[in-house]
Amino acid sequence: MSEKGQEQKRLILVSNDDGIFAPGIRALAEVASEFGEVAVIAPDRQQSAVGHAITVSDPLRVTPFQINSKMEGQAVNGTPADCVKLAHDKLLRRKPDLVLSGINHGSNAGINIIYSGTVSAATEATILGYPAIAVSCMEFSESADLSGAQEATRKAIHYVLKNGLPAGITLNINAPGGPLKGLRWARQANSRYVEEYEGRVDPHNRPYFWITGRLEILDQGDDLDLNVLKQGYASITPIQYDLTAHAFYKKQDKDIG
Ligand code: MN
């Protein structure tokens, strides 16, 4: 079989957390279509910062959705992780060869990884045994230039198709808006949000609170994702869902006391 014939048979699942209507998922589906057949299965609404939540107490419903003139998708009234689980078990006719999540509108570098629905869709795919890549653009704007994030995605897909990915590892890409300067391996910057809840009063005189905050870097090094991004490059970080603190664990006895 020719190389092209093989590529046409590849199935790529595309999801996100900004919802199936977001420009970022169209941009990602476009890139995916260069590598194979594409299935877009994504939340039917904004699901940013839901992390790895899944829907347990409510039914999931699936609605066909027109992505563009060439591509249809399926919208799910659930979280990003729900979408990947449901795609895996019920919605895809065959198992995907690759799962992509994004392109998120906003950063998923540093501590954002732990809150991110975009990253969790990719992580869920890794848990299910599929190679997976999460992609985010540092610019929130829905009209941001995603061409650099798209090009970084192409490079990462080529890498994964050539080298594969070890079990349990997900790739997390962040790219500045605009054209790609380069894609560099990086580690997650130890960082946290310094947050303030802005208090206001609604028209019925009841107080409400809205989160605001800025990211604080507690780490140093040219190899941090946030610093690679500051230098204008896109970053790619291999991440894992095994949350065991191995170094600490190895130092412990069998029983605590
Ligand atoms: Mn998002």
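Counting starts at 1 for both ligands and their atoms, following the listed order.
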Lys181 and Glu151: CA distance, side-chain angles, deciding distance, salt bridge (charged side-chain N to carboxylate O under 4.0 Å, His left out) verdict: CA-CA 10 Å; Lys181 186 172 165 187; Glu151 186 55 22; over 6 Å; no
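- Ordered by chain and number, Asp17 OD1, Asp18 OD1, Ser48 OG, Asn104 OD1 make up the set of protein N, O or S atoms under 2.8 Å of the Mn ion (ligand 1).
- Residues Arg187 and Asp219 are paired through a salt bridge, judged by an N-O separation under 4.0 Å between the basic side chain and the carboxylate.
- Of all heavy-atom pairs spanning Phe35 and Arg10, the tightest one is O-NH1, 3.1 Å.
- When all heavy atoms of Gln66 and Arg26 are compared, the closest pair comes out as O-NH2, 4.3 Å.
- The two residues Ala75 and Asp44 make their nearest non-hydrogen contact at CB-CB, 3.7 Å.
- For the ring-ring contact (aromatic ring centres under 6.0 Å, His included) condition, the pairs that include at least one residue of residues 185-239, sequence neighbours left out, are Tyr159-Trp185.
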